[in-house]
Amino acid sequence: MSDVVEKTLTALPSLLSLDSLSGSTTLSSTSKLGNLIRGITELTSKHEEEKLIQRELTSIKEQVSSPNTSTRQMKELMVRAIYCEMLGYEASFSYIHAIKLAQQGTGLEKRVGYLAVSLFLNESHELLLLLVNTVLKDLQSTNLIEVCMALTVVSQMFPKDMIPAILPLVEEKLNHPKEIIRRKAVLALYKFYLIAPNQVQHIHNKFRKALCDKDPGVMAASLHIYFQMIQENPEGYKDLTSSFVTILKQVVGGKLPMDFNYHSVPAPWMQIQLLRILAILGRNDQSSSEIMYEVLDESLRRAEINHNITYAILYECVKCIYTIHPKSELLEKAAKCIGNFVLSLKINLKYLGLKALTYVVQQDPKLALQHQMTIIECLDHSDLLIKRETLELLFRITNAQNVSVIVEKMLEFLRVNKDDYTTIDLVGKVAELAEKYAPDNEWFIETMSTVFSVGGDKMQPDIPNSFLKLLSEGFDSVEEDRKLRLFAVDSYVSLLQGEPGKLPQRFLQVISWVLGEYSYLREELDAVLRLLANLLDMRSTSSETKSWVLMAMTKLCGGGAGVSVIREVCETYGSSLDTVLRQRAQELQHLSQDCELRARVLPRGAGLEPLEVDSSLSFLDGFVSEALAAGAAPYKPPHQRQEELAQTKALSLEPYGLSLPISMSSCSIADRQSPTLLSVSSGLSGESPDLSHKGGTTTLKLDGVKRVWGREGYLSQREPVEEPVHVEVPSPVVSPSQRGGEADRSHSQTPTPTATPQPEQEKQQLASSLFVGLASQSSVCLMGKSESTTQRFRRKARGPVSSPAASEQISNSPVSTPSTANHLLGNNFLDSNITSDLSVSSLESTSQLSRGPAAANGICEVELTESSPALPRDNAVAAAAPAPHQDPDTLKDACLRSHLPAEFSGLCPSDITPLCTNQTLDFLACHLQKEDSVSLVVFIYNSSDSDIQQILLELDSDELEVSCVCGSAVQEARSHSVAVCQYSLTVKRPSVHVEVVGMASYRCPAETPQSARFSYKLPLTSFIRPLTVSTEEYGAMWLDFSHDTKQKLTLRSDGRESLADTLDVLKKKLNLHVVEIIGTEGIVACRLLRDQPCLMHCRLHEGSLSVWLRSPVPDLPDCLMYHCQRALQEH
Amino acid sequence: MMQFMLLFSRQGKLRLQKWYVPLSDKERKKISRDLVQTILARKPKMCSFLEWRDLKIVYKRYASLYFCCAVEDQDNELITLEIIHRYVELLDKYFGSVCELDIIFNFEKAYFILDEFLLGGEAQETSKKNVLKAIEQADLLQEEAEAPRSVLEEIGLT
């Protein structure tokens, strides 16, 4: 190193002088970078480094812009610029020169140019447009290396809009004789697929060709595309299952060239990718899964060398086995594998073991029981990651009995954890568990207090929201509610008496709200008011919190309580500069003086009764007309004002009028009781058409609420096969005193004692408290028990909110939810015949799907059915293909259709598709298009002889807002009859296809709880409605919308009326409104449900149709383009 | 899919960075600073994996250099570890028992090898032989270009 030091010292002066003699010698070029690097290593302070680099950058800047710099020097300069950027200094002046170098250079210079471009720019950078021509040229080059370079840069980044320009050339490369070119071309198309799927959908059959390529490398590259496509639409590729299985068989069997081996394991990357694909294809699909069993078994058997790579394959294999339709033999082997991982001394494997365990534990809780001692050890592991994963595992096995121990462990972790992301996640989980399984009021309130103090202001806002909602809605018993609220008030009062300055703002807001609502349950209101006033005086209290506090004081001020405190507060804040605070203070002053008014405005203990809100603000009409008469300017919505502003600037003289429903951000009207956060969507008064009224719900709605109250704990799917082998199997029933002891210990704020004389015993005790409720023999009675505890916190059954007497519906019976199914339809309509027909037809259809010839010899000769994946029918891209026999199908349909709620009589439902089938229950669904939403109707048919109760359906979707219409989350299905659940769907985020995933859990009498998962797919077109606008309105809207996409589509016919014909097809298939056709141009409009318009402009151009879509909603144009293309192709 | 790959020294100096997802310059800097700090603070016996935001970080130390990859949650951590290993093997073969200095002074070569091995965040060519063959071919081109052009070539070009 001293050598280097010396060299650097001598080089330093020369380096500085060299720069001025630009390009004097090519020999110095390599050493220039070397000098720079050595110079930097020698510097001692950041400041010196900064000075040196700035000097370097100035010199580079001078040279790159000099016209005399040769491309070779330029290459060298680029390398130095890359180096400076890597050190964190900006060299943006060199970006354009990097592009120039890629364009002008040859050989290595070009390569460095491309490299610099790929390092400097990201795919949204505008300069990338300048690269398009260069790429185009190089793709056509006869020099293979240049083609490779172009493909390499294209697969890393390319401007989305320019893909059509190079697509034909890249496609052409799929037929190139060199496999390296074909491989890179496939990866480039993969990249295109990721950034703009609709651009490449017409070449799907070429992907199939790539999958059949004679070079395994090209085939492997195509697996990436297939993985992506299958993930998005598994149903469309079931026919490939056997091909993938055959490929995997050959890979595992070592049929590939030696080149593909990695540490003597055949093509591990390919194996893993194939296993991931198979897992998706086999999920919820018995017949596809059956094709896989053999090869999975072989993969497990072959992976025996003790090397990371085999463990990687094993892990993927285990995941696949637990994802697809189960087979007990394989599950046993996979369980053993997981055991090996968990018990491994290598920490990486142990981690993956825990992860795998977390993945499977809901299906197979016995496995967690087997490894309980290891899990306990991991809980105290020094690596936080291991701890974290263990908590994740415990989260999945929580039930009413171990909840307090597990939550205590989680809170312990939270107190030491510093990573925000983990804190937010874990806090949400604790809150979920606390709501679900809280053993008693005190525990619940205390746990939530810890959640609020630890989670602070970072946590998800829905945690405090649903907590407050829970408190205000109450449960089934008035007395219980009173106790809970009183306890909350008491504990918050004592918190405020402590050190309120240390509590996060969110928590203070929760406290103020609770105190404001429920302090009347206590005697001394004065004390509470004084505590709240103290909060106002603290400097750390934010003004948002202050307004919560003032609101709380307003609710409490009646009856002469704390007159002096209130007067003081009013004086201080009545003149506050913060207008919100000033208003609150004014309200406080008025209402504290006028008891009658206060009682009317803020009735005590009213909870969250629905408010009648006149959102059209009609009560202001008089005021407005007076103001107008007095000469005030009429109100214009913000965007109209903006538009007018733009018009005056741009001299656009067209008289645009707007009739489109104005979309308001969302109709959240702050509840009178809470200054912010809690929002009540109200029973809207009739004439308010211009509100974006999400899904037409009339119930109180909170963002992101997913959990459903009163859901069962862990649900095992099948009976455990063997008895647990452990000695310390937890006793099935824990005596109350022991439980009490556990609870006490977890209440005390100290972490679990570790320094006790008998650590081993300690651990076993912990184990028995953690894993209680998991043992197979105890599960039945434990579940029964947990039921009774969760009942306490089950939300009160509420009728439709519109009924004003909802609050009076207090019942003492635990399950008081009226079965809506019985209201809506007659029982005993179906007989068992129909279900048997039904299962037969669905079986046949799946077996049809999974045909596909097995490959002959050699991996390259995998033969594929060239038929394109079954095209979706008009409405449903549903799980099953068209059934071969029409008769049973229509019969079933007809029967189920008669169960559709009466309100849908005028609508045309989609085909009814089976979702999943268990021994006793069949789940089916269809959807109906309504004006402002889509209704999803789920039929639950009970084919057994006994009634099934406590059916709980949970539906969720990434793209959709799903809300239950009947308010009937918990239902029962009578023997041999059908129960119906109805959901309303609205679009959160447009996507080509949207999917609702669901989980149903239920309990047959005298059996363990069961669960089933399913998914239901719909095309976006189900949500598209025609938008009737005039040409003028269209013009106005067109300019307003910022998101657009353009593409050429094929025309439907060549005749004179081709435009009209084509638009007619689109109109029929996609439900669009054709506004006008003028010569070779047409304008079309539609909307996504109520208020998300999308406009389309089409023009005939050189025998094809140039389509331009615009919308204010991101992604909507892209998705719609996809469907237009689809519709025209299908025709 | 791999999101990005970072190489940094024990002192926390970045030696190589490859981003497979579009991120702004500011975000890149923040991410690499955060990760370098977190990883350097970890003890040698700890797990090679990290949960970081919604990503999974896989890292491994070779001599004085840390190799660190970010993958998505569903990706296989162990195979990512092997991707790192294969990359090190490739560097080793190309430079002939590679050390940190080789990578510092020839970082553009290290990038070329990486691009030939991983493309767009996915393993492109996993065979050591084939990757190096592709690199050698491109290197040959460079030598030709760097050798003085013959008269014939000059004529051919014009």
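So that the names make sense, note that chain A is the first sequence line, chain B the second, and so on, each numbered from 1. Computed from a predicted model, the values in this text were never measured in an experiment. No hydrogens, no waters, no symmetry mates; every other heavy atom, side chains included, goes into these values.
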(request) Give the ring-plane orientation class for A:Tyr83 versus B:Phe107, where under 30° counts as parallel, over 60° as perpendicular and anything between as tilted. (result) tilted
(request) May I ask you to decide if B:Leu23's main-chain N or O and A:Asn122's side chain share a donor-acceptor pair within less than 3.5 Å? (result) yes
Check whether any side-chain heavy atom of [X] lies under 4.5 Å from a side-chain heavy atom of [Y], and answer yes or no.
{"X": "A:Leu33", "Y": "B:Phe105", "value": "no"}
{"X": "A:Leu385", "Y": "B:Leu50", "value": "no"}
{"X": "B:Met1", "Y": "A:Phe227", "value": "no"}
{"X": "B:Glu82", "Y": "A:His307", "value": "yes"}

(request) May I ask you to check if B:Arg86 and A:Tyr262 form a cation-pi contact, with NZ or CZ under 6.0 angstrom from the six-membered ring centre and within 45° of the axis? (result) no
(message) We want to know whether B:Glu89 and A:His263 form a side-chain donor-acceptor pair, criterion being a heavy-atom distance below 3.5 angstrom.
(response) yes
(message) Sort by residue number and list every residue of residues 57-68 of chain B having at least one heavy atom under 4.5 Å from chain A.
(response) none
(message) Quick check on the structure: residues of residues 41-48 of chain B within a heavy-atom distance below 4.5 Å of chain A, by number.
(response) B:Arg42, B:Lys45, B:Met46, B:Cys47, B:Ser48
(request) Check the surroundings of atom NZ in B:Lys13: do more than 12 heavy atoms from other residues, nucleotides or ligands lie under 6.0 Å from it? (result) no
(request) Select, from B:Arg33, B:Lys128, B:Arg15, the one with the greatest count of heavy-atom pairs under 4.5 Å involving chain A. (result) B:Arg15
(message) Please classify the contact between B:Ser24 and chain A as side chain, backbone, both or neither, with a heavy-atom cut-off of under 4.5 Å.
(response) backbone
Checking heavy atoms, do the side chain of [X], its backbone, both or neither come under 4.5 Å from chain B?
{"X": "A:Leu349", "answer": "side chain"}
{"X": "A:Leu194", "answer": "side chain"}
{"X": "A:His381", "answer": "neither"}
{"X": "A:Val186", "answer": "neither"}
{"X": "A:Glu389", "answer": "side chain"}

(request) Determine the minimum heavy-atom distance between B:Lys29 and A:Gly88, stating which atoms define it. (result) NZ-O, 3.2 Å
Any ion pair linking [Y] and [X] (charged N to carboxylate O, less than 4.0 Å)?
{"X": "B:Lys133", "Y": "A:Asp259", "result": "no"}
{"X": "A:Arg111", "Y": "B:Asp139", "result": "yes"}
{"X": "A:Arg80", "Y": "B:Glu108", "result": "no"}
{"X": "B:Arg28", "Y": "A:Glu85", "result": "no"}

